[in-house]
Amino acid sequence: MAVQPAVLAIIGPTAGGKSALAMAVAERLDGEILSVDSMQVYRGMDLGTAKPSFAERGAVRHHLIDQVEADETFTAARFVETADGVIAEAGARGVPLIAAGGTPMYFKALFHGLFEGPGADEAVRERLRAETGEALHRRLGEVDPEAALRIHANDQRRLIRALEVFELTGRPISELQTTWEAPLDRHPAVWVGLTWDRSELNRRINLRVRQMVEAGWIEETRRLMERFGGLSATAAEATGYRLWIDHLGGRIGRDDAIEQIKIATRRLASKQIKWFRRFPDVHWLDGAAPVETNAEAVIALWRTARGEG
RNA sequence: ACGCCAGUAGCUCAAUUGGCAGAGCAGCCGUCUCCAAAGCGGCAGGUUGGGGGUUCGAUUCCCUCCUGGCGUG
């Protein structure tokens with residue numbers, strides 16, 4: 001007998017209606033939502049990350065939102081650890097869990113697993129960061145030729161990680177990394193994706209960016225800056241916040257910032273689409289269809305997979 | 001109307017005294033295993049505003065027209 005899925009995964013590009021669909025499905029299945037989003041984990045970064053409202057969070061329980069302060073660091077590994085706990089606990093209660101979000105890396109890590117290895121070591125990284133990419137690449141070539149072949153000499157971030165793993169374990173990273181070609185089966189799940197016509201999605205992105213600004217995104221950034229003085233390196237990677245920090249510092253005009261945010265968001269959507277379309281066994285639905293229609297289709301898939309015909 | 005400045009890739013700009021027209025950003029493709037809304041690699045992109053002239057050779061010098069900006073009337 002096949003394993004009954006305990007998770008319903010909803011993937012798709014930003015501004016594509018994942019949250020609305022997840023809400024609709026969660027309400028009908030009496031389920032809870034697991035946010036698979038690398039930026040909604042930061043407290044106070046609400047408007048810019050399109051975080052669900054307090055009303056929505058009151059109606060349906062959300063997990064993996066507001067995990068740390070905006071001046072702290074959050075990682076894929078920490079996401080997996082926390083999400084594993086949420087899935088186990090919801091499973092024990094018999095509650096359906098809807099994993100929805102736009103961070104492909106987190107989906108990969110959660111359902112495929114990260115390799116067993118050492119975590120980040122800031123001291124080691126700091127030391128390696130001082131070296132040139134060429135020096136790092138040469139050194140990696142000596143201890144792990146296979147990884148050196150894959151990682152470009154300019155890709156300092158990955159060179160540092162590979163050398164960090166070698167220093168900490170004495171084993172090459174290429175030997176430790178498990179294959180990501182296998183099915184995404186760490187947690188049995190039903191996979192649903194939303195597809196979009198690109199120009200239609202771009203229209204939605206432009207509209208949403210404008211709405212976020214009108215809702216007070218710049219003020220939100222100002223509050224974070226007053227509170228922390230700056231965002232952590234990871235939090236600052238969120239689209240938009242860095243532009244607003246520059247805007248508040250008088251380095252860029254409001255309209256220019258908005259334009260750049262629209263561009264960055266379009267690029268984000270493009271990258272998400274490219275990652276997600278390689279995920280196996282996804283039931284793709286038209287994102288432009290009414291939420292009710294898609295919710296019904298998703299619930300039907302879910303019931304079938306669970307043998308609840 | 002006259003004078004000055006500018007016009008080069010979708011955008012912002014480069015191009016030694018005339019010598020194969022380049023870069024950043026955007027776009028497209030790819031990559032991604034503890035920072036991933038990040039990072040990295042690649043590709044494509046032009047009748048140099050139009051027309052004429054000088055020259056072996058013009059984005060560059062000359063003439064003319066067009067467009068935009070500034071100044072004076």
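A note on names: the letters A, B, ... follow the listed sequences, proteins ahead of strands, and every chain is numbered from 1. Not measured: the values here are computed from a predicted model.
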**Student:** Please determine whether a side-chain nitrogen or oxygen atom of A:N154 lies at a distance below 4.0 Å from atom OP1 or OP2 of B:rG41.
**Tutor:**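 Yes, because at least one side-chain N or O of A:N154 sits under 4.0 Å from OP1 or OP2 of B:rG41.
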
**Student:** Just to be sure I understand the geometry, which residues of residues 120-151 of chain A put a non-hydrogen atom under 4.0 Å away from RNA chain B?
**Tutor:**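 Contacts with RNA chain B under 4.0 Å: A:A120, A:R125, A:R129.
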
**Student:** How many whole angstroms separate atom CD of A:Q272 from atom P of B:rA36?
**Tutor:**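 The answer, rounded to whole Å, is 14 Å.
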
**Student:** Should the heavy atoms of other residues, nucleotides or ligands under 6.0 Å from CD of A:E200 be counted, would the total exceed 12?
**Tutor:**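 Check passes, neighbour count above 12.
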
**Student:** In whole angstrom, give the distance that lies between atom CG of A:D71 and atom P of B:rC35.
**Tutor:**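 Atom-to-atom, A:D71 to B:rC35, this comes out as 18 Å.
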
**Student:** Contact class for A:F79 vs. all strands (heavy atom < 4.0 Å): base, sugar-phosphate, or nothing?
**Tutor:**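 Touches nothing.
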
**Student:** Give the rounded distance in Å between these two atoms: CD1 of A:I160 and C1' of B:rA38.
**Tutor:**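 Whole-Å distance recorded here is 14 Å.
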
**Student:** Specify the separation, in whole Å, of atom CG of A:L110 and atom C1' of B:rC34.
**Tutor:**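 Roughly 14 Å, once rounded to whole Å.
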
**Student:** Using only atom types and a distance under 3.5 Å, with no angle test, would you say the side chain of A:R303 pairs donor to acceptor with the backbone of A:E308?
**Tutor:**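 Looks like no, no N/O pair under 3.5 Å.
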
**Student:** Please give the distance between the P atoms of B:rG18 and B:rG57 as a whole number of Å.
**Tutor:**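 Result for the P pair: 16 Å, nearest Å.
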
**Student:** What I want to check is whether the side chains of A:R208 and A:T14 have a donor and an acceptor closer together than 3.5 Å.
**Tutor:**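 Short answer, yes.
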
**Student:** Take atom C1' in B:rC28 and the same atom in B:rC66, then report the distance between them in whole Å.
**Tutor:**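 Per the computed distance, 35 Å lies between those C1' atoms.
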
**Student:** Over 60° means perpendicular and under 30° means parallel, so tell me whether A:F111 and A:F107 are parallel, tilted or perpendicular.
**Tutor:**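 Geometry flag for A:F107 against A:F111: parallel rings.
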
**Student:** Between atom CZ in A:R158 and atom C1' in B:rG41, what is the gap in whole Å?
**Tutor:**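 Computing the A:R158:CZ to B:rG41:C1' distance gives 11 Å.
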
**Student:** Rounded to whole angstroms, how far apart are NE2 on A:H112 and C1' on B:rC32?
**Tutor:**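 From A:H112 NE2 to B:rC32 C1': 14 Å.
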
**Student:** In whole angstrom, give me the gap between the P atoms of B:rU16 and B:rA6.
**Tutor:**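 Each nucleotide's P atom is 14 Å from the other's.
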
**Student:** Give a yes/no answer on whether the side chain of A:R161 brings an N or O atom under 4.0 Å of OP1 or OP2 in B:rC34.
**Tutor:**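 A:R161 to B:rC34 OP1/OP2: side-chain N or O found under 4.0 Å.
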
**Student:** Look only at the side chain of A:Q40 and the backbone of A:A50, and say whether a donor-acceptor pair between them is shorter than 3.5 Å.
**Tutor:**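 Flag set: sc A:Q40 to bb A:A50 pair under 3.5 Å.
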
**Student:** NA contact type, A:T103, heavy-atom cut-off 4.0 Å: base, sugar-phosphate, or nothing?
**Tutor:**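 The residue A:T103 makes sugar-phosphate contact but no base contact.
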
**Student:** Now, which nucleotide makes the Watson-Crick or G-U wobble pair with B:rG39, with each of the two distances under 3.5 Å?
**Tutor:**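 Its partner is B:rU31.
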
**Student:** Taking the P atom in each of B:rA23 and B:rA14, what is the distance between them to the nearest angstrom?
**Tutor:**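 Going atom to atom, P in each nucleotide, I get 16 Å.
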
**Student:** Give a yes or no on whether a salt bridge exists between A:R125 and A:E167, defined as a side-chain N under 4.0 angstrom from a carboxylate O.
**Tutor:**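 A salt bridge is absent here (no side-chain N lies under 4.0 Å from a carboxylate O).
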
**Student:** Contact list please: residues 224-249 of chain A against RNA chain B, heavy atoms, distance less than 4.0 Å, in numerical order.
**Tutor:**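 A:T234, A:E237, A:A238, A:T239, in order of number.
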
**Student:** Sticking with atom C1', work out how far B:rG45 lies from B:rG69, rounded to a whole angstrom.
**Tutor:**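 Between the two C1' atoms, the distance is 28 Å.
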
**Student:** Against A:W196, only a single residue in A:D286, A:N202, A:L201, A:I273 fulfils side-chain contact (heavy atoms from CB on, under 4.5 Å); can you say which?
**Tutor:**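 Of A:D286, A:N202, A:L201, A:I273, side-chain contact (heavy atoms from CB on, under 4.5 Å) with A:W196 is met by A:L201 alone.
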
**Student:** Is it the case that atom CZ in A:R127 sees more than 12 heavy atoms from other parts of the structure closer than 6.0 Å?
**Tutor:**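 Yes - once you tally the heavy atoms of other residues, nucleotides and ligands closer than 6.0 Å, there are more than 12.
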
**Student:** Do we see a donor-acceptor contact under 3.5 Å between the side chains of A:R198 and A:S270?
**Tutor:**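 Result is yes, a qualifying pair exists.
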
**Student:** Distance-only, no hydrogens or angles: does the A:E220 side chain make a donor-acceptor pair with backbone N or O of A:D46 under 3.5 Å?
**Tutor:**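 Yes, because the side chain of A:E220 sits within donor-acceptor range (under 3.5 Å) of the backbone of A:D46.
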
**Student:** Write down the distance between CG (A:L268) and C1' (B:rA38), rounded to a whole number of angstrom.
**Tutor:**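 So the CG-C1' distance, A:L268 to B:rA38, works out to 11 Å.
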
**Student:** Could you measure between the two P atoms, the one in B:rG39 and the one in B:rA26, and give it in whole Å?
**Tutor:**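 Those two atoms are separated by 10 Å.
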
**Student:** Under 3.5 Å for both donor-acceptor distances, Watson-Crick or wobble: does B:rC2 have a partner, and if so which one?
**Tutor:**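 Because both required distances fall under 3.5 Å, B:rC2 counts as paired with B:rG71.
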
**Student:** Please confirm whether the backbone N or O of A:S53 pairs with a side-chain atom of A:E56, one donor and one acceptor, at under 3.5 Å?
**Tutor:**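 The answer is yes, because a donor-acceptor pair under 3.5 Å joins these two groups.
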
**Student:** Any side-chain donor-acceptor pair under 3.5 Å between A:D155 and A:H137?
**Tutor:**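 The criterion, which ignores hydrogens and geometry beyond distance, is not satisfied for A:H137 and A:D155.
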
**Student:** Taking any strand in view, what nucleotide pairs with B:rC56 in a Watson-Crick or G-U wobble way, both distances under 3.5 Å?
**Tutor:**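 B:rC56 is paired, partner B:rG19.
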
**Student:** When the C1' atoms of B:rU48 and B:rC13 are considered, how many whole Å apart are they?
**Tutor:**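 One C1' to the other, the span is 13 Å.
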
**Student:** Regarding A:D66 and A:R57, does a basic nitrogen lie under 4.0 Å from an acidic carboxylate oxygen?
**Tutor:**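 Counted as a salt bridge, because a side-chain N and a carboxylate O are separated by less than 4.0 Å.
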
**Student:** Under 4.0 Å, counting only non-hydrogen atoms across every strand here, what does A:T49 touch: a base, just sugar-phosphate, or nothing?
**Tutor:**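 The answer is base, as A:T49 lies within the cut-off (heavy atoms under 4.0 Å) of a base atom.
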
**Student:** Under the 6.0 Å and 45° cation-pi test, does A:K108 pair with A:F279?
**Tutor:**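 Ring-cation test returns yes.
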
**Student:** Would you please confirm or rule out a distance under 4.0 Å between OP1 or OP2 of B:rC34 and any side-chain N or O of A:R78?
**Tutor:**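 The answer is no; no side-chain N or O of A:R78 sits under 4.0 Å from OP1 or OP2.
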
**Student:** Considering Watson-Crick and G-U wobble pairs with both distances under 3.5 Å, what does B:rG24 pair with?
**Tutor:**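 The base-pairing partner of B:rG24, which may sit in any strand shown, is B:rC11.
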
**Student:** How far, in whole Å, is B:rU17 from B:rC70 if one measures between their P atoms?
**Tutor:**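 Looking at atom P only, B:rC70 and B:rU17 are 31 Å apart.
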
**Student:** Kindly say whether, by distance alone, the side chain of A:R157 makes a donor-acceptor pair under 3.5 Å with the base of B:rA38?
**Tutor:**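 Flag set: donor-acceptor pair detected.
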
**Student:** Rounded to whole angstroms, how far apart are CZ on A:R171 and C1' on B:rU33?
**Tutor:**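 The distance from CZ of A:R171 to C1' of B:rU33 comes to 15 Å, rounded to the nearest Å.
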
**Student:** For nucleotides 25-30 of chain B, which of its nitrogen or oxygen atoms have a protein nitrogen or oxygen under 3.5 Å away, and what is each distance?
**Tutor:**
from   : atom 1 : to     : atom 2 : distance (Å)
B:rA26 : OP1    : A:R267 : NH1    : 3.2
B:rC29 : OP2    : A:K274 : NZ     : 3.1

